[in-house]
Each structure stands twice: as C-alpha cells, then as structure tokens.
Protein chains: 2
Amino acid sequence: MAVTLKEVAELAGVSRSAVSRTFTDGASVSARTREKVEKAAKALGYRPSLIARSLATNRTKLIGLVANNFQNPAFLDVFDLFTSELQKRELRPLLVNLSGETSPKKIVELLRQYSVDGVIVATSTLPTSFATAFQTAGIPVIHTFGKFQANANVHVVGIDNEFCGAMAARTFSDRSYKTVALLGGPETATSTQDRSAGFRRAAKELGLRVAKVCYAENYTYQAGRDAMRDVLEDDAVEAVFCGDDLICMGAMDAARDAGKAIPEDIGFLGFNDIGMASWDAYSLTTIRQPIRDIIMSSVELVVGMVENPGRSPEIRLFPCSVIERGSLRPVTEL
Amino acid sequence: MAVTLKEVAELAGVSRSAVSRTFTDGASVSARTREKVEKAAKALGYRPSLIARSLATNRTKLIGLVANNFQNPAFLDVFDLFTSELQKRELRPLLVNLSGETSPKKIVELLRQYSVDGVIVATSTLPTSFATAFQTAGIPVIHTFGKFQANANVHVVGIDNEFCGAMAARTFSDRSYKTVALLGGPETATSTQDRSAGFRRAAKELGLRVAKVCYAENYTYQAGRDAMRDVLEDDAVEAVFCGDDLICMGAMDAARDAGKAIPEDIGFLGFNDIGMASWDAYSLTTIRQPIRDIIMSSVELVVGMVENPGRSPEIRLFPCSVIERGSLRPVTEL
DNA sequence: GATAATTTTGCAACCGGTTGCAAAAAAATT
DNA sequence: AATTTTTTTGCAACCGGTTGCAAAATTATC
C-alpha cells in the first residue's frame, strides 16, 4: 500500500541506506545521489514512515497532552495554543481525556505504550504526584497549571495560586470592601486550596472579614449558581472572589435573581479572563493568567527535557494581573 | 530503557513468539506458558510497544482528529465526546489544528506519516473535497459536520443544513414574524451557504420578507456584534436568524445597545445550543444538533471503515430541534 | 499401547526504517 | 602519476514486535 524505502531505492538505483540518508538531516549524501533519490521519491509519492523511524531512533515526536477539564471555555485557548505550538516544532499532540480518572497508573501505561517523547499534564486540579508518576516511569513530563511547591521533583509551569489569592484580597481591600466571601472551585483542586489559603491569609492581614467560604462542585455555570445561594444567606457580603469565571457568571446571575445589582449591591471578581468575561452581560473584573506564555514555556520545556532528560526540575511561574471591568466598584482614591 | 519482548522471553524461559502470543488475543498459547509469561512480564513491568506492533500489524490505533474552530465553545463538547468515545475503543486521537490552513495536502502527508488508521475531519466550514483528499490517499475518512451532497464520495455524518435553514424560517413563520434577517457565519463556510439557501427558499414559500442578509467574519461574539450593526440599519427587521450561538449573543448585545428589547422589539434564533445559550443573560432560543449522536456515529463509522475499507460512502444525517427559550415571542395560536 | 488428530511451540522472515563500519570513490596533496 | 586524505556508499545488524510454517508435544481414539 504505502511506498517504502526499498521501492524508492530500486527506482533510483541506489541502496536503501542512500534513500534513508537523503531523508535524515545531517547525513552524508552526494548531490548526485540526493537528486536521483528525490526524483524517485517524488515519482512514487514517498514519505518516510515516522512510526518505523521512531523504532530505530527512539523518538516518536508524539507528546501526550493530558487534560481533564474539557467543559471549561478556558480550555479552548489551552488546546488551541498547545496544538499550534507543538505543530510549529513538528510535534504531535496525543490527546488524553482524563474525565474522572485521577489515578495516573493507567494513563502512564497508555502513553508508555505509544512511546511518547514527553507528556504535558495540563490541569490545575491534580496533585503534583500525578505528574511525578510519569517521571518515575522515565517519561519527561511538565505539569502545566500545576501546583507550585518548593521541593519540586517535576517541572511545573503556571502561576503562584497562593499569591493570586492574596492578590484578590488586595483587590478588594483597594476598593474598600470590608466584608467579603470566597466562592472557590471544587475543594479537591489544588489550585482552589492554594488560592483559598492565600486569600484568607491576606484578608486577615488587610483586615477584611471573610464572612463566607464555599466551593462549587465543579467548574460550571450551574455549580456557581447553586453555590452562590449559600453566599447570599449572609446579607453583609459586599464582594465575592470566585475561583473561575464560569462559576462567577453563574454566581452573578444568582445574585441578580435575588435582586442584587452588580456592582452596587455586590461585587464580583473572577479568575481566568475567558472570552465571555468581556461581554456586556457580565463585564467581569477578573484575574488573568498569561496563558500564551505559560503554554509556550511548557512546550519549550518539554522539548528541552526530551533533548536533555537529566535536566533538573524547574518551576516557572508567571505573573497574573487584574483585568478591570465593571463587576467591582472602582479603586478608592486615598 | 523500556522492557522488551526478548527480556521477558528470557526470564520466562520461552521463545519470543510465546511472549508475543500471550499479548495478542486470539493466539494459541497453553495455560502453563501464559502463566509463566505473565509472571515474568509483571516482574519486569512489560507492556508491548504499540509502535513496534503497528509496524507488523499495519494498525496504529491512531485516529487523526482534524479541526479548525478551536475558539468556539461549541467545540468543547466535540473534543470531549470524541476523545472519550475513541478512548472507549482503545483508539487515540491525534489532534491536528488546522488554524487557517485550508489545503488538505500537507495535512494528508502528515497523517500519512503517522500511519493513522483513520481520520475524522470535524469541521462544518470546509468543502467535502477536503475530506476526499484523505480518501484518495487511501486513508479512511469521515467528514463530521460536513456538507451533505447526494453524490457523496466520502462518509458524511451531520445534519441537513439546508433543512435547518428552512426550519428556522418556519420557526419565524409560526410566530407570525413577517420581516426577518439572516446573520450567518462566515460566507465561505459550506454550512453557512446551505443554511442560507434553505432559509431563503423557505422564507419565500412562507411569505416572509428577508430584509437583510449578512455574514459575520468569523465565529466570534465580536464578529456577531459587528455584523449586527448592518442588520440594525433596517428598522423593519423583527427577528434575526444567526448562524451560530456565539455570533447570536454578540448580535443580541448589539441590539440591546441600540435600545432594543428582546424579544419584544426584536427576536433572535441561534444555532448549536452551546452551554451559555441557557444562561439568564441570553436565554436564547436556538436550534440544537444532536452532537452526541453525531459523534458516536462518526466514531462507529470510522471504526467500520478501518475494518472494511471497501465500504461505500454513507451519509448519516440527524434531526435538529428548536430549543425554546426566551429570545423569540411565543408560537402564535391559530 | 500404538496411532491419529489436535494443540502448542520455536524458528526465521518480515514490517519500514537507521546507523556503525569498512570498502569504494572522489578530491587533495606531493 | 602516485599517494594520502576525505567523502560517499552499501552491507548487515538492529529497533520491538508479528506470524506462517513445520516440528514437537499433548490429547483423543481405537
């Protein structure tokens, strides 16, 4: 079916090695041979099989892309950027949908069977141990959006969630909010835990009262809407820090349903800056993480790992920023 | 590095074939041998290399998943369903981000180099000829969300866009709208062309006046917003049929900006029923395509093609339905 | 217990490439 | 023109599996 090395070699009247060398860069072939081979290859429509090549070179150019939040619009960017960034370097993403599965065992097996060159675990909800499992299996791995911990044994690219939590508290404080609430993502997510910790610590330092702390069951509009009911029980809450824009939008609609005006009666601060955050209907003030930088850095790092597996684990954190829109009252002038 | 067949064979004291056979179902191995092999394999942590296997069996279990609309939330479902549906059958999606590229040539080459077993082209914007290119290259292909045409030479799974266009016109007619507009997706997309044709034909038959026809530049909120300006020039327009929910939401916000109330002053009908369509801020009446069915059917079909490549091209169309919410006035009672 | 039928096993060739090595060819030096 | 150096080439082994085939082992039959 497919055209092979051998057929090209025969047509060109050279050895198989000669053909192979024409298609491997850095190999030594004379101009005349190369020309003959290229002509024959073209005539037959030959392209080297990467599968066969990988058997000999031990490089598949496949990168496992492991994700578990396929329902969050925030991931559209992630997929788009990862795929195009990998493609630029002639690498292919092998997509794995975790959907529920949180034990790395099976996934490691699976990607090992495909001899992927490296793996990018793109999820903010799993502990670092998930990524470490790949490391242990000898597969280069990057944990993108992963939990930052000083004694890292695996590459992590992302943000400092605790710092971002503190940033949220400061954002409230700067706008003279006194009584606030935290409406996080799922409590089991490491990002939620870190942001929550940072938020509460900073709130205490800044003299903010955190009147309510609750968590949405998942990263959906509906979960945000449901969890917001809890927050609304306390009438004193002036502003809510949400762990995700989608959750935040659900919460906003719940607040409006309860007759509250935004930002007059209650303020909202989101997280992620998804496309919809800028729509008129929400005009959400939110914390943005520099996704493009994070992803470019991750790809760069995974490539580096493949080339030099001994490389010691690195943590790369990028700064987040508050995108000012209309869901919080303005900064209080001093 | 990785454990190979040979090492397992040595430890188990059997031939390489015996090991291979224990891991290929349907092969003949005695219970005693199998046991010995399995024990040795476990001890070494052996898993057969799918890459090496594929060289001999000519099956990689890789399916190319080609998409070009990574920015539309409608695609979250598509990715989620495709990946999980393929995984269920032990197939792996090799993701290709078309992003701009509309010539199939390079993509075909690329997927051929990875010897994918089949390809799913998941896009409603490209002509069938794009998918046909894979067919010509001898790669089983399904065009999901593709253009339906009677003389198909390639499998198509999706909806009858022309019929859906007509359905939109009927939806307007049932609610006694008289003067309407069409705000389609990009004009180059085949789905837009078909829906537009169906809409206009049915409108004529039903005595609706199509006062404005315009197209958004891409499938984004902003493009919908921009294109809506054009529609708003004609004050007589009572309802707008949009080619996509995202576009529709942009259009709705543009209308509200212009001081129009929905649905009192102007009605909107969307397409796709993305998650946000049900949010309070939009409460969008929209046409839903049964994505889950379409994708399950596509996967089933691609598997069928792989097993039986001679299979003749089939068209599978699924019915769409109007999801009634609040962006159109109610059906007029007779 | 001998023979026939069936199952299991290992050998060796193959899938489609790469690559170290030594021989052959070409280029450079004297 | 002969010799040395450098470049190019083909051979053959290898990457990690599968599989047709014939021999060996087992099971069934008489």
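Every heavy atom of this structure was used, including side-chain atoms; hydrogens, water molecules and symmetry mates were not. The sequence lines fix the lettering, A, B, ..., with proteins before strands; numbering per chain opens at 1. All of these numbers come straight from a predicted model, not from anything done at the bench.
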Closer than 3.5 angstrom, by distance alone: can the side chain of [X] be matched with the main-chain N or O of [Y] as a donor-acceptor pair?
X: Thr24(B); Y: Ala27(B); value: no
X: Glu7(B); Y: Thr4(B); value: yes
X: Thr83(A); Y: Val96(B); value: no
X: Thr60(B); Y: Ser54(B); value: no
X: Asn97(A); Y: Ser99(A); value: yes

Thr57(B) vs dT18(D): side-chain N/O to OP1/OP2 distance below 4.0 Å: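 Answer is no, no contact under 4.0 Å.
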- prompt: Would one find a side-chain N or O of Ser17(B) under 4.0 angstrom from OP1 or OP2 of dT9(C)?
  reply: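 Looking at the OP1 and OP2 atoms of dT9(C), neither is under 4.0 Å from any side-chain N or O of Ser17(B).
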Whole-Å gap separating [atom2] ([N]) and [atom1] ([X]):
X: Lys61(A); N: dG17(C); atom1: NZ; atom2: C1'; value: 15 Å
X: Arg21(A); N: dT8(D); atom1: CZ; atom2: C1'; value: 8 Å
X: Tyr114(B); N: dG17(C); atom1: OH; atom2: C1'; value: 14 Å
X: Lys36(B); N: dT8(C); atom1: NZ; atom2: P; value: 14 Å
X: Glu35(A); N: dT8(D); atom1: CD; atom2: P; value: 15 Å

- prompt: So Tyr46(A) and Phe23(A), would you call those rings parallel, tilted or perpendicular, with 30° and 60° as cut-offs?
  reply: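 Perpendicular, since the angle between the ring planes exceeds 60°.
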field: Positive for side-chain contact (heavy atoms from CB on, under 4.5 Å) with Ile63(A), one of Val119(A), Leu111(A), Asp117(A), Val116(A)
entry: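 Testing each of Val119(A), Leu111(A), Asp117(A), Val116(A) against Ile63(A), the sole residue satisfying side-chain contact (heavy atoms from CB on, under 4.5 Å) is Asp117(A).
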message: Of the listed nucleotides (dT18(C), dT8(D), dT18(D)), which one gets closest to any side-chain atom of Ser20(A)?
response: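 Nucleotide nearest to Ser20(A)'s side chain: dT18(C).
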query: Which residue lies toward the 5' end of DNA chain C, Arg47(A) or Gly13(B), if each is placed at its nearest nucleotide?
result: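 Closer to the 5' end of DNA chain C: Gly13(B).
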Could you list all N or O pairs between the protein and nucleotides 25-28 of chain D that sit under 3.5 Å apart?
none

message: One pair to check against side-chain contact (heavy atoms from CB on, under 4.5 Å): Ile294(A) and Val78(A). What are the steps and the verdict?
response: CA-CA 10 Å; Ile294(A) 291 174; Val78(A) 174; over 6 Å; no
message: I want to know whether Phe79(A) and Phe75(B) have ring centres closer than 6.0 Å.
response: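 They do not qualify: ring centres at least 6.0 Å apart.
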Could you write out each protein N or O paired with an N or O of nucleotides 14-16 of chain C at a distance under 3.5 Å?
residue, atom, partner, partner atom, Å
dG16(C), N2, Ala52(A), O, 3.3

message: Need one value for Ser30(B): base, sugar-phosphate or nothing, where a base atom within 4.0 Å counts as base even if backbone is also close, heavy atoms only.
response: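 If one applies the 4.0 Å heavy-atom cut-off, Ser30(B) turns out to touch the sugar-phosphate alone, with no base involved.
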query: For Val19(A), which contact category applies under a 4.0 Å heavy-atom criterion: base, sugar-phosphate, or nothing?
result: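 The answer is nothing, as Val19(A) stays clear of every strand by at least 4.0 Å.
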